[in-house]
Enquirer: 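I have a structure I would like to understand better, so I am pasting it below and will then ask my questions one at a time.
Worth knowing before you read on, the calculation uses all heavy atoms, side chains too, and leaves out hydrogens, waters and symmetry mates. Remember, it's a predicted structure, so these values are computed and weren't measured experimentally.
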Amino acid sequence: MAAYSEEEEYLSDEEVLDEDLEPLFVARVVYPFEGTCDVELTLEKNDVVTVYRDDVGGGWWEGEKDGLRGLFPSSYCTKVDAASAPAGAATTVQASSVGASAAAASAASPSNKEAATAPATSKSANPQPAPRGKRSAAAAAASSTSASQSSHQRTPSVTALEAASPDLRYSIEEGGRWGLIGEPFEVTAKTNPNKGSKFSGIKQFTTYEITSSSTAPPVNRRFKHFAWLHQRLSDLFPGICVPPLPDKQMQGRFDAKFIEQRRRQLQRFLNRVAEHPVLGSTSVFRHFLTTTDQKEWKSGKRAAEHKASSSYLGSISLPDSENTDVEVVMSKFVRFSSWLEKHTAGLSKACDEAFSEESTGWTHVAEALKNVADAHTRPDLYPWWDSGAGQAEFERVLSALEMLSSGFEKMKALTGTHNDSDRQLLGDVFREYNGILHAFPQTVKAFEAAQHDAKPPIQPDQIESARARYTQMKFVCLAELRHFHEHLVKDWHAMMQHYVAEQVRYHREAAAVWERIGTEMETAQ
């Protein structure tokens, strides 16, 4: 079975390994099973497992044994009644009326009668779990049914995410520009020096300390929390281009350079959201930035997941009129964004190639010069013509070579830092905008869907709402295009000015290195 990356855990930890579920029933292990990744339990024959979910999909259950939560194949276990289970497990299951009723219903199902005759223990016969973060349609349907049947327990109070307060009123001004709601703020992300862990240290992950200039105190978040935020913003605000997250990393996710690069990209993501007049003012984003209590975090997450998609459209104040031919604008932007996406990808790749090379050339030259200047490895010079004066002159030449070698070593350190700076100044910006352009088709699709729904044939009772949605989406898309344009102009000008200033600084420092070497050589002669 394949190992799973941390990036894929943001759904599996919260859905496949949901720590807030009530227990359903108790199962006894009939055949031993050895887990092969960090979310699978290892079980021995006659172990007793408290089962929390039987709708994971692919023939897998989620349960707990000895304080560890994980997945295991259902066909390797058989259900037992509370009376025959160990006291602790029986008490746990009886404590939940939902779990008791689910266990009774499940015990009567044909599938579980078949489970009593488990298959051979060959590893190849193991059922395949639903991919992490990609639940099967059947599992999703079962989960949805289960949630609706026990909504009195599973659905959190809407006040958990400030839903009791009125929705914010957004505005689009004349000329297709988003109206500002609050004061702008900045967000910083710092990598916590110690890795987080779960399941007694079996699972490790990187955490980030997030601090907003408008809120306190800081909060700690994992990559899966960023992924959740990105998904919720995408679902709740169709038509708005949600900034991209960093790419997934299958290998080397604890490498120091990778962690630092990801930190910068996550910080860019947060600040890009913060500066958006709609996304930066949402309760979902505030919840991400401010909630420190774990229970409040989970209840707020669930409240956000029950919010209606696109409800924000009705809270937008629109200008009186707009004479722009939106269809022409969108058609031209599609061609333009496709062109720019291609070139930002090329620029990002070129920057990585130009600035990712280690400064090995400086090192090789420095080592070669040192080898020549090393008095312990060279034979003596015998200047017969001047009674030893020539030897002293040659020694001074070799000493100068050693000084030159030190200059190359200093340039190696200086150039390495400079390459990192260049890669961040140019490569990070081009990579970010390539991701934004890659996400823009979702905005175009939202516009086209609203446009399609407003055209005949259409039910008479839906004409007014369909046309209103099209009008709203039209203005949203125009505002998004202008928002993109204004920020690109601002960001790229700032990027180029900063880059030129860095080149001046670097070359001044490089010149100072060689000037000092030149002065030392003159003094030594």
Enquirer: When you check the side-chain N and O atoms of Glu480 and His276, is any donor under 3.5 Å from an acceptor?
Expert: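 Side chains of Glu480 and His276: pair found under 3.5 Å.
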Enquirer: Which atoms form the tightest heavy-atom contact between Ala189 and Gln267, and what is the distance?
Expert: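 Closest heavy-atom pair between Ala189 and Gln267: N-OE1, 2.8 Å.
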Enquirer: Under the 3.5 angstrom rule, does the side chain of Asn434 hit a backbone N or O of Thr344 as a donor-acceptor pair?
Expert: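 No, Asn434 side chain to Thr344 backbone: no donor-acceptor pair under 3.5 Å.
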Enquirer: Taking all heavy atoms of Ala27 and all of Cys77, pick out the closest pair and write down the distance.
Expert: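 In terms of heavy atoms, the two residues are closest at CB-CB, 4.0 Å.
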Enquirer: Where do Gln261 and Lys257 land on the side-chain contact (heavy atoms from CB on, under 4.5 Å) test, with the steps shown first?
Expert: CA-CA 6 Å; Gln261 181 184 38; Lys257 288 186 177 180; over 6 Å; no
Enquirer: So Val334 and Phe440, side-chain contact (heavy atoms from CB on, under 4.5 Å) or not? Walk me through it.
Expert: CA-CA 9 Å; Val334 167; Phe440 246 110; over 6 Å; no
Enquirer: Run the ring-centre check on Trp492 versus Phe430 and record whether the distance is less than 6.0 Å.
Expert: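 Close enough - the centres of the two rings lie under 6.0 Å apart.
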Enquirer: Taking the side chain as everything from C-beta on, heavy atoms only, tell me whether Thr206 gets closer than 4.5 Å to Arg222.
Expert: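 The answer is no; the side chains never approach within 4.5 Å.
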Enquirer: Per the salt bridge (charged side-chain N to carboxylate O under 4.0 Å, His left out) rule, what does the pair list look like for residues 440-455, sequence neighbours excluded?
Expert: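 Listed by first then second residue: nothing to list.
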Enquirer: Are any of the side-chain heavy atoms of Val51 and Glu62 separated by less than 4.5 Å?
Expert: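 No, their side chains stay 4.5 Å or more apart.
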Enquirer: For Arg177, enumerate each residue passing the salt bridge (charged side-chain N to carboxylate O under 4.0 Å, His left out) test, keeping only those at least two apart in sequence or located in another chain.
Expert: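 If we apply the salt bridge (charged side-chain N to carboxylate O under 4.0 Å, His left out) test to Arg177, skipping adjacent residues, the hits are Glu486.
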Enquirer: Against Tyr433, only a single residue in Leu347, Leu488, Leu340 fulfils side-chain contact (heavy atoms from CB on, under 4.5 Å); can you say which?
Expert: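 Per the side-chain contact (heavy atoms from CB on, under 4.5 Å) rule, the option paired with Tyr433 is Leu488, out of Leu347, Leu488, Leu340.
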Enquirer: Supply the atom-to-atom distance Asp352 CG to Ser348 OG, rounded to the nearest 0.5 angstrom.
Expert: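 Rounded to the nearest 0.5 Å, the CG-OG separation comes to 5.0 Å.
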Enquirer: Heavy atoms, side chains only, cut-off 4.5 Å: are Ile210 and Asn220 in contact?
Expert: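 Heavy-atom side-chain distance check fails, nothing below 4.5 Å.
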Enquirer: Report the relative orientation of the aromatic rings in Phe288 and Phe285; use parallel for angles under 30°, tilted for 30 to 60°, perpendicular for over 60°.
Expert: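 Parallel, since the angle between the ring planes stays under 30°.
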Enquirer: Drop me the distance from Lys65's NZ to Leu43's CG, to the nearest 0.5 angstrom.
Expert: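 Between Lys65 NZ and Leu43 CG, I get 6.5 Å after rounding to 0.5 Å.
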Enquirer: Taking side-chain contact (heavy atoms from CB on, under 4.5 Å) as the criterion, tell me which of Thr282, Leu289, Leu229, Leu233 meets it with Val273.
Expert: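 Result for side-chain contact (heavy atoms from CB on, under 4.5 Å) with Val273: Leu233.
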Enquirer: Does NE2 in His438 sit with more than 12 non-hydrogen atoms of other residues, nucleotides or ligands closer than 6.0 Å?
Expert: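 Not more than 12 within 6.0 Å, no.
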Enquirer: Could you tell me if the ring centre of Phe223 sits under 6.0 Å from that of Trp228?
Expert: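 Not close enough - the centres of the two rings lie 6.0 Å or further apart.
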Enquirer: Could you tell me which residues satisfy salt bridge (charged side-chain N to carboxylate O under 4.0 Å, His left out) with Glu341, sequence neighbours excluded, listed by chain and number?
Expert: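 Here no residue qualifies.
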Enquirer: For the residue pair Pro238 and Tyr312, establish whether any side-chain heavy-atom pair is separated by less than 4.5 Å.
Expert: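 Yes, side chains in contact.
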Enquirer: Which is it for Glu432 and Gln265 under the side-chain contact (heavy atoms from CB on, under 4.5 Å) test, yes or no, and what are the steps along the way?
Expert: CA-CA 8 Å; Glu432 180 189 27; Gln265 292 173 329; over 6 Å; no
Enquirer: Inspect the contact between Glu464 and Arg467 and indicate whether a charged nitrogen and a carboxylate oxygen are less than 4.0 angstrom apart.
Expert: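 Looking at Glu464 together with Arg467, the answer is no, because their closest N to O distance does not fall below 4.0 Å.
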Enquirer: Salt bridge or not between Arg423 and Asp428? Use side-chain N to carboxylate O under 4.0 Å.
Expert: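 A salt bridge is absent here (no side-chain N lies under 4.0 Å from a carboxylate O).
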Enquirer: Parallel under 30°, tilted from 30 to 60°, perpendicular over 60°: which one fits the rings of Phe447 and Tyr470?
Expert: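 If you compare the ring of Phe447 with that of Tyr470, the planes turn out tilted.
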Enquirer: Evaluate the side chain to side chain donor-acceptor pair (under 3.5 Å) criterion for residues Asp235 and Gln231: first the C-alpha distance (whole Å), next the side-chain angles of each, then the deciding distance (0.1 Å), finally the verdict.
Expert: CA-CA 6 Å; Asp235 290 344; Gln231 186 63 53; 3.0 Å; yes
Enquirer: Please report the interatomic distance NE2(His498) to CG(Asp491), rounded to the nearest 0.5 Å.
Expert: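 Output value for this atom pair is 13.5 Å.
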Enquirer: Tell me the closest heavy-atom pair linking His287 and Glu296, and the distance in Å.
Expert: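 Where His287 meets Glu296 most closely, the heavy atoms are CE1-O, 3.3 Å.
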Enquirer: Write down the atom of Ala227, the atom of Leu245, and the distance for their closest heavy-atom approach.
Expert: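 That would be CA-CD1, 3.5 Å.
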Enquirer: Provide the closest heavy-atom pair for Pro23 versus Thr50 in the form atom of the first, atom of the second, distance.
Expert: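 Where Pro23 meets Thr50 most closely, the heavy atoms are CB-CG2, 3.6 Å.
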Enquirer: Starting at OG1 of Thr211, measure out to NZ of Lys190 and round the result to the nearest 0.5 Å.
Expert: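 With rounding to 0.5 Å, OG1 (Thr211) is 6.5 Å from NZ (Lys190).
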Enquirer: Just by distance, no angles: are the side chains of Arg335 and Ser331 close enough, under 3.5 Å, to form a donor-acceptor pair?
Expert: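 Yes, Ser331 and Arg335 have a side-chain donor paired with an acceptor closer than 3.5 Å.
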Enquirer: Is any side-chain heavy atom of Pro319 closer than 4.5 Å to a side-chain heavy atom of Glu174?
Expert: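 Yes; the side chains approach each other to less than 4.5 Å.
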Enquirer: Locate the shortest heavy-atom distance separating Arg221 from His225; write the atom from each residue and the value.
Expert: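 Looking at all heavy atoms of both residues, the shortest contact is CA-ND1, 3.6 Å.
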Enquirer: Should Asp54 and Trp60 count as side-chain neighbours, where that means a heavy-atom distance under 4.5 Å?
Expert: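 No, every pair of side-chain atoms sits at 4.5 Å or beyond.
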Enquirer: Taking the side chain as everything from C-beta on, heavy atoms only, tell me whether Phe72 gets closer than 4.5 Å to Val49.
Expert: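 Contact flag for Phe72/Val49 side chains = yes.
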Enquirer: State, with a plain yes or no, whether a side-chain heavy atom of Pro73 is found less than 4.5 Å away from one of Phe33.
Expert: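 Yes, their side chains come closer than 4.5 Å.
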Enquirer: Between the side chains of Asp325 and Lys332, is the shortest nitrogen-to-carboxylate-oxygen separation below 4.0 Å, so that they form an ion pair?
Expert: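 No salt bridge links Lys332 with Asp325.
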Enquirer: In terms of heavy-atom contacts, does CD of Glu186 have more than 12 from other residues, nucleotides or ligands at under 6.0 Å?
Expert: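 Not more than 12 within 6.0 Å, no.
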Enquirer: How many angstroms lie between OG1 in Thr191 and CZ in Arg262, if you round to the nearest 0.5 Å?
Expert: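 One gets 10.5 Å once the value is rounded to the nearest 0.5 Å.
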Enquirer: Has His452 got more than 12 heavy atoms of other residues, nucleotides or ligands less than 6.0 Å from its NE2?
Expert: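 Count not over threshold, so no.
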Enquirer: Would you say the side-chain atoms of Glu173 and Trp178 include a donor-acceptor pair closer than 3.5 Å?
Expert: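 The answer is no; no qualifying pair exists.
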Enquirer: Do we see a donor-acceptor contact under 3.5 Å between the side chains of Gln424 and Asp420?
Expert: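 Short answer, no.
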Enquirer: With a sphere of 6.0 Å drawn around NZ of Lys295, does it hold more than 12 non-hydrogen atoms of other residues, nucleotides or ligands?
Expert: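 Incorrect, the count does not exceed 12.
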Enquirer: Check whether NZ of the Lys or CZ of the Arg Arg263 lies under 6.0 Å from the centre of the six-membered ring of Tyr208 and within 45 degrees of that ring's axis.
Expert: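 Not satisfied by the 6.0 Å and 45° rule.
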Enquirer: When you look at Phe475 and Val326, which way does the side-chain contact (heavy atoms from CB on, under 4.5 Å) test go after all the steps?
Expert: CA-CA 9 Å; Phe475 281 103; Val326 184; over 6 Å; no
Enquirer: Between atom CZ of Arg268 and atom CD1 of Ile436, what is the distance when rounded to the nearest 0.5 Å?
Expert: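 It comes to 9.5 Å.
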